[in-house]
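Presented below is the structure to which this report refers.
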There are 2 protein chains.
Amino acid sequence: MTRKARPSEAAVEQRRQDILGLVLDRGELRIAELAERFDVSLMTMHRDLDDLAARHLLRKLRGRVASFPPLTVETATRFREGLRLAEKSALAAAAIGEVVPGSTVLVDDSTTNFPLAGQLTRIERLTVITNSVRVAQTVASAPEASVVFIGGRYHGEFESTSGPDTLRALASIRPDLAFVSATAITHGHLYHPVQDYALIKQEICRSAARSVLLVDHSKFGRTATYPHGDVGSFDLVVTDDRIPAEELQAIRDFGVEVRVAPVRREETNP
Amino acid sequence: MTRKARPSEAAVEQRRQDILGLVLDRGELRIAELAERFDVSLMTMHRDLDDLAARHLLRKLRGRVASFPPLTVETATRFREGLRLAEKSALAAAAIGEVVPGSTVLVDDSTTNFPLAGQLTRIERLTVITNSVRVAQTVASAPEASVVFIGGRYHGEFESTSGPDTLRALASIRPDLAFVSATAITHGHLYHPVQDYALIKQEICRSAARSVLLVDHSKFGRTATYPHGDVGSFDLVVTDDRIPAEELQAIRDFGVEVRVAPVRREETNP
DNA sequence: TATTATTAACACACTTTATGTGAATATGTC
DNA sequence: GACATATTCACATAAAGTGTGTTAATAATA
């Protein structure tokens with residue numbers, strides 16, 4: 001009958017993200033219901049779900065799909081990629097000024113730091129240390145870049161390393177500056193759903209001469225299983241202008257400098 | 001006039017590889033001449049060359065292109081990807097039998113090892129140690145895989161780490177089995193164009209309880225700047241059935257076991 | 001300034017991809 | 001094991017995406 005216009009690749013990916021969001025919200029859903037709700041055939045919905053399942057973002061059962069524990073999924077690189085890009089770019093622009101040419105900069109594993117990594121290629125004679133494959137690849141695309149990758153247990157879902165080897169390597173270096181991000185922050189206290197990464201973020205603050213925390217507004221008011229200190233460990237916090245007022249005050253109460261980056265809004269999701 | 005049929009993406013990539021091969025062979029060529037030789041417009045040739053230049057595989061000058069030092073380019077991952085895949089798969093199939101479930105396997109950075117890495121996901125309770133991002137990503141795609149990435153100075157063109165940190169990390173581990181490959185081998189002696197990697201290959205042989213060398217026939221009869229020992233350091237050499245007879249004999253003279261993998265031939269380039 | 005090389009803008013034709021249909025196969029339930 | 005339902009397969013279709021060459025504008029060299 002009335003055939004539907006073929007959507008662009010980006011639109012398909014967007015739909016799949018939306019499906020995942022819904023599944024994450026509900027925990028479990030019938031496939032037939034999803035097909036109806038997104039107004040696609042059962043076949044297409046199966047294809048979407050097969051794709052998400054192949055990325056280990058949900059489980060496909062007979063007739064229904066189930067989510068993995070929500071925060072674990074949200075932490076996976078494949079899920080966060082491209083999310084809140086405007087905010088992340090704004091944070092990068094506000095933070096890049098901290099970087100001095102010729103210095104050694106440590107960049108944490110986080111999609112928040114990806115735009116920042118792109119900016120770093122413009123600064124001269126930098127040594128960039130990271131445990132994130134994506135950050136390493138981005139910075140190394142500049143011909144004269146010096147990149148040090150920190151080894152350890154490799155996690156495919158984050159495309160980065162962690163664990164005791166990583167901690168040990170971190171303890172033996174002393175970068176001039178470190179950029180760290182957080183997945184969850186409430187009243188100035190930081191949390192991460194994966195213990196290994198919580199430990200790493202703490203160790204980074206200890207090892208770096210100066211450390212900067214990058215968090216967009218969506219991370220505020222959330223918590224996760226493993227606390228990893230508070231904003232007091234940082235010398236500067238960079239966030240965007242949709243940070244809740246009381247959270248902003250909480251950070252200032254720690255005596256930490258806060259830089260609020262303006263985000264140009266066209267069509268931002270809440 | 002007579003429009004030309006639009007080639008597939010693969011065909012375009014093949015043409016670009018051919019262009020690169022020619023430039024590598026000649027050192028320098030006029031762009032107009034290349035356009036004529038490959039029977040494409042000047043515009044298309046510019047697009048091809050821009051692409052190759054963006055991958056740092058050649059330099060585009062005004063009216064002509066020049067190659068970087070040949071062996072350096074040939075070593076770059078971006079160049080070797082997909083080259084001699086039939087041989088590499090055959091080597092992987094012949095070598096995979098060496099891997100014992102539950103053991104710790106070290107896999108060298110090399111496109112030769114990529115198919116092998118894919119095979120490794122089928123074996124249970126393995127710990128895979130590597131300095132290659134691609135190997136790490138491949139193995140980590142299996143959900144229960146345990147992957148250890150060796151840190152160090154990161155090289156974008158190889159997508160892997162090397163240098164003193166890498167050597168030190170290698171020295172502190174003792175894998176049950178190591179798969180190593182070589183870029184150049186003559187009369188049983190091994191060579192690599194990059195010193196850092198030559199050192200790593202040597203260190204691997206020292207640290208692993210048992211080590212296997214994987215080399216397809218194209219690597220024989222070549223040398224490079226940095227020698228890194230001979231086949232005597234290995235317990236087994238796996239190669240394909242187009243290995244020159246005298247090279248095969250040379251390896252056997254070292255008293256090393258050789259396994260010659262049969263390659264199914266359909267349309268293999270020389 | 002004259003000449004040649006490069007890039008930009010566009011139209012075209014081909015390839016690739018997302019989709020839905022209906023049939024064939026697989027999976028679970030009673 | 002029979003039945004119902006879920007999934008996959010094979011195919012046709014339409015639109016998105018991509019490589020190409022032409023012409024015109026711009027940039028670089030002599």
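Naming: A, B, ... by sequence-line order, numbering from 1 per chain.
- The nearest whole Å value for the distance from the CD atom in B:Glu33 to the P atom in C:dA5 is 13 Å.
- As a whole-Å value, the separation of A:Leu29 CG from D:dA6 P is 15 Å.
- Relative ring orientation between B:Tyr154 and A:Phe149 is described as tilted, the plane-to-plane angle lying within the 30° to 60° band.
- The closest donor-acceptor contact from the side chain of B:Asn131 to the backbone of B:Ser162 lies at 3.5 Å or more, if one exists at all.
- Remark: P of C:dT7 and CG of B:Asp51 are 14 Å apart, rounded to the nearest angstrom.
- Within 4.0 Å (heavy atoms only), A:Arg64 reaches no atom of the nucleic acid at all.
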Contacts table for residues 97-105 of chain A: side-chain donor-acceptor under 3.5 angstrom, sequence neighbours left out:
from     : atom 1 : to       : atom 2 : distance (Å)
A:Glu98  : OE1    : A:Arg210 : NE     : 3.2
A:Glu98  : OE1    : A:Arg210 : NH2    : 2.6
A:Glu98  : OE2    : A:Arg259 : NH1    : 3.3
A:Glu98  : OE2    : A:Arg259 : NH2    : 2.9
A:Ser103 : OG     : A:Val100 : O      : 2.6

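- Within a 6.0 Å sphere centred on CD of B:Glu144, heavy atoms belonging to other residues, nucleotides or ligands number more than 12.
- Nearest-nucleotide positions on DNA chain C for A:Glu9 and A:Met43 put A:Glu9 closer to the 5' end.
- Side-chain atoms of A:Ser160 and A:Tyr197 form a donor-acceptor pair, as typed in the model, at a separation below 3.5 Å.
- Between the C1' atom of C:dT21 and the NE2 atom of A:His46 lies a distance of 14 Å, rounded to the nearest Å.
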Could you check A:Lys88 against A:Phe114 for side chain to side chain contact (heavy atoms under 4.5 Å, CB included), going step by step and ending with a plain yes or no?
-> CA-CA 8 Å; A:Lys88 287 168 184 171; A:Phe114 290 173; over 6 Å; no
Test B:Arg16 against B:Val12 for side chain to side chain contact (heavy atoms under 4.5 Å, CB included), laying out the working first.
-> CA-CA 6 Å; B:Arg16 288 176 185 181; B:Val12 172; 3.5 Å; yes
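- Heavy-atom nearest nucleotides on DNA chain D were determined for A:Ser8 and for A:Ile31, and the one closer to the 5' end corresponds to A:Ile31.
- Under 4.0 angstrom from either OP1 or OP2 of D:dT8 there lies no side-chain N or O belonging to A:Arg47.
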Solution key, residues 20-31 of chain A side-chain donor-acceptor pairs under 3.5 Å, sequence neighbours excluded:
from    : atom 1 : to      : atom 2 : distance (Å)
A:Glu28 : OE2    : A:Arg64 : NH1    : 2.6

Tabulate protein N/O versus nucleotide N/O from nucleotides 26-30 of chain C, keeping only pairs under 3.5 Å, one per line.
from   : atom 1 : to      : atom 2 : distance (Å)
C:dT27 : O4'    : A:Arg62 : NH1    : 3.2
C:dT27 : O2     : A:Arg62 : NH2    : 2.8

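- If you check every strand for non-hydrogen atoms under 4.0 Å, B:Arg15 touches sugar and phosphate atoms only.
- With sequence neighbours excluded, no residue forms a side chain to side chain contact (heavy atoms under 4.5 Å, CB included) with B:Thr225.
- If you check every strand for non-hydrogen atoms under 4.0 Å, A:Leu49 touches nothing.
- Among residues two or more places apart in sequence or in another chain, the salt bridge (charged side-chain N to carboxylate O under 4.0 Å, His left out) test is passed with B:Arg153 by none.
- With hydrogens and angles left out, the side chain of B:Arg6 and the base of D:dT18 share a donor-acceptor pair within 3.5 Å.
- Atom CE of A:Met45 is separated from atom P of C:dT21 by 14 Å (rounded to the nearest Å).
- Comparing the start and finish of the helix from C:dT1-D:dA30 to C:dC30-D:dG1, five pairs each, the helix axis swings through 60°, to the nearest 10 degrees.
- One atom, CD1 of B:Ile19, and another, C1' of D:dG19, lie 13 Å apart when rounded to the nearest Å.
- As a whole-Å value, the separation of B:Asp48 CG from D:dT18 P is 16 Å.
- Taking 4.0 angstrom as the limit, B:Lys60 places none of its side-chain polar atoms (N or O) nearer than this to OP1 or OP2 of D:dA28.
- The phosphate of D:dG21 (OP1 or OP2) has a side-chain N or O of B:Thr44 nearer than 4.0 angstrom.
- One can place CG of A:Leu42 at 15 Å from C1' of C:dA23, the figure rounded to the nearest angstrom.
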